[in-house]
Amino acid sequence: MTTNTSDSRISQRAREAVATVSTGMFIDGQWSESASGARFNVVNPATEEVIATVADGGPEDAQRAIETAGRVQKDWARTPPRERGEILRRAYDLLMQRQDELALIMTTEMGKPFGEAKGEVAYAAEFFRWFAEEAVRIGGDLTTTGDGKNRILVSREPVGPCVLVTPWNFPLAMGTRKIGPAIAAGCTIVFKPAALTPLTSLALVDVLVEAGLPAGVLNVVCTTKASSVVSPWMSSGIARKISFTGSTAVGVRLLEQASEHVMRSSMELGGNAPFLVFEDADLDRAVEGAVAAKMRNMGEACTAANRIFVQRPVAEEFARRLAVRMGSLKVGDGVEDGTEVGPLVEEKALRKVQELVDDAVGKGAKVVCGGDRPDRPGYFYPPTVLSGVSEEAELMSEEIFGPVAPVISFDTEEEAVRMANDTPWGLAGYLFTQDVDRGFRVGEAMEVGMVGLNTGIVSNPAAPFGGVKASGLGREGGRVGIEEFLEFKYMAVPRV
């Protein structure tokens with residue numbers, strides 16, 4: 001492949017940006033090596049090249065981090081809300097100033113196109129701006145008992161040290177979505193970023209330090225063995241809250257561990273999002289919505305459209321238009337000019353996607369576009385549309401996490417709702433119709449935490465993000481996002 005001069009310059013800038021990232025443990029305001037001295041490789045999924053090594057933490061590092069968070073908690077909780085908010089606001093400004101640098105780091109370690117990575121930096125920064133404003137709005141209440149004898153004084157206090165665990169697919173936004181409200185509420189933090197994409201999270205640490213975050217408030221331990229770090233945090237008796245984004249299976253284990261000390265828990269787990277297209281929908285708009293819901297981050301998103309249900313009279317035409325649109329997307333290294341679809345994050349993810357496609361085809365699906373891994377370095381998979389997908393295909397019940405759009409026909413509204421809800425997950429769902437009554441009726445019937453009505457994008461810092469059923473507990477973002485990090489305290493005061 002020929003690389004133009006502009007791409008070469010961007011690649012050089014990416015290497016320079018990666019070289020600036022601190023790659024140790026960050027505990028009590030200091031960078032250090034892990035207790036074992038071990039390090040692990042970070043790989044560029046577009047080239048399969050090692051781009052950095054990062055300190056590989058273990059139980060001793062975890063213990064030091066949680067003890068620091070516990071020691072600092074009382075002082076941090078007493079910090080004025082305005083001061084906490086101003087730290088977040090300065091961090092927002094720094095993220096926006098370093099948008100290109102952070103996007104290059106992100107693209108290099110996890111693959112998403114540079115333009116999309118820049119979008120994530122702006123999205124991630126907005127969580128800091130949002131919670132900077134919420135820090136000074138932590139309220140309380142003063143009422144009187146029904147018999148008039150007592151005053152009821154209700155205040156809100158920080159829940160205490162928090163365990164934050166983030167996934168690899170949105171390495172900056174998932175960090176700010178958890179760290180922002182924790183800081184705003186006055187909680188200290190122990191943070192484990194994903195081992196596949198640690199560099200973006202570590203770069204965020206330097207931003208917060210420069211913004212004035214005091215030593216010990218944020219403590220970061222990266223590791224290739226999550227249980228060796230997270231389990232000591234959960235069993236410490238110091239941590240009072242766990243906020244996790246990842247698979248349902250891991251979330252269930254963490255909830256079991258949280259029960260030992262009755263920890264507050266927020267879980268944003270797996271998804272199996274249905275995308276419904278009714279015969280009266282604007283098909284062009286529905287296709288664009290499907291591309292947005294399916295192809296964001298190469299399909300590696302828990303909110304990605306996993307099952308696309310289209311009413312039979314328009315199913316064939318919708319599949320054709322979707323295939324034309326997805327087939328036109330440019331696949332390549334995220335730093336290359338014009339790239340719209342980058343690689344998947346690792347070889348294992350690539351193999352899983354191919355196995356799901358092969359299974360669907362073996363059960364009667366037709367490949368309308370894509371369907372085979374290209375012969376090139378990197379973990380690339382082409383945008384793929386499948387029609388005539390059987391309800392028995394594994395991808396109907398497995399989270400695809402790749403650029404594959406299965407199209408399934410339905411006849412009636414009732415059938416569409418039944419198929420949409422026929423899953424243990426309930427994170428996001430989408431529907432396209434020009435009938436307002438149907439839009440509300442179907443949206444209300446969908447068993448999900450978030451619905452996109454005639455839109456393929458639901459995530460926004462001002463909105464509560466989260467799901468129902470096996471997709472988790474609690475909400476992140478919006479006005480309720482900070483409440484996950486606060487406890488209520490009631491004081492009874494006699495009226496004398």
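Just the heavy atoms: all of them, side chains too, but no hydrogens, waters or symmetry mates, feed the values below. The shown structure was predicted, so the numbers you read here are calculated from the model rather than taken from an experiment.
A salt bridge does not link Glu392 with Lys363: none of the charged nitrogens is closer than 4.0 Å to a carboxylate oxygen. With respect to the salt-bridge test (charged N to carboxylate O, under 4.0 angstrom), the residues Glu394 and Lys352 do not qualify. A salt bridge between Arg321 and Glu317 is present, with a side-chain N of the basic residue lying under 4.0 Å from a carboxylate O of the acidic one.
Rounded to the nearest 0.5 Å, atoms OG (Ser265) and CE (Met234) are 6.0 Å apart. Considering CG of Leu164 and CZ of Arg177, their distance stands at 12.0 Å, rounded to 0.5 Å. In this structure, CG on Leu283 lies 12.0 Å from CD on Glu288, to the nearest 0.5 angstrom. Here the CZ atom belonging to Arg13 is positioned 5.5 Å from the CZ atom belonging to Phe114, to the nearest 0.5 angstrom. Rounded to the nearest 0.5 Å, atoms CD1 (Ile400) and NZ (Lys294) are 4.0 Å apart. Atoms CZ and CZ, on Arg418 and Phe309 in that order, are 8.5 Å from each other to the nearest 0.5 Å.
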Steps toward side chain to side chain contact (heavy atoms under 4.5 Å, CB included) verdict (Met267, Val252) | CA-CA 9 Å; Met267 298 281 152; Val252 169; over 6 Å; no
What do the steps show when you test Thr224 against Asp56 for side-chain hydrogen bond (donor to acceptor under 3.5 Å, both in side chains), and what is the final call?
-> CA-CA 6 Å; Thr224 54; Asp56 195 351; 2.7 Å; yes
Show the numbers, then the answer: is there a side chain to side chain contact (heavy atoms under 4.5 Å, CB included) between Leu427 and Thr303?
-> CA-CA 7 Å; Leu427 185 60; Thr303 55; 4.0 Å; yes
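You'll find the ring centres of Tyr92 and Phe128 outside the 6.0 Å limit. Aromatic ring centres of Phe410 and Phe278 lie closer together than 6.0 Å.
Side chain of Lys330 to backbone of Asp337: a donor-acceptor contact under 3.5 angstrom is found. Looking only at distances, a side-chain donor or acceptor of Ser328 sits under 3.5 Å from a matching main-chain atom of Arg325. Side chain of Arg240 to backbone of Val163: no donor-acceptor contact under 3.5 angstrom is found. The closest donor-acceptor contact from the side chain of Arg296 to the backbone of Ala304 lies at 3.5 Å or more, if one exists at all. No donor-acceptor pair under 3.5 Å is formed between the side chain of Ser231 and the backbone N or O of Ser228. Panel note: side chain Ser471, backbone Gly426; a donor-acceptor pair is recorded below 3.5 Å. Panel note: side chain Glu300, backbone Gly402; no donor-acceptor pair is recorded below 3.5 Å. Using a distance-only test at 3.5 Å, with no hydrogens or angles considered, a donor-acceptor pair links the side chain of Thr384 to the main chain of Gly371.
The aromatic rings of Phe275 and Tyr430 sit tilted relative to each other, their planes meeting at an angle between 30° and 60°. Below 30°, between 30° and 60°, or above 60°: for Phe127 and Tyr123 the angle between ring planes is above 60°, a perpendicular geometry.
Side-chain contact of Arg39 with Thr23: a donor-acceptor pair under 3.5 Å is present, judged by distance alone. A side-chain donor from one of Asp280 and Thr433 sits under 3.5 Å from a side-chain acceptor of the other. Under the 3.5 Å distance criterion, with hydrogens and angles disregarded, a donor-acceptor pair is assigned to the side chains of Gln12 and Arg15.
Listed by first then second residue, pairs satisfying side-chain hydrogen bond (donor to acceptor under 3.5 Å, both in side chains) with a partner in residues 247-263 read Thr248-Trp425, not counting sequence neighbours. Applying the ring pair (Phe, Tyr, Trp, His ring centres under 6.0 Å) definition to pairs two or more places apart or across chains, none involves residues 340-390.
For the pair Lys178 and Phe191, the cation-pi test (distance below 6.0 Å, angle within 45°) is failed.
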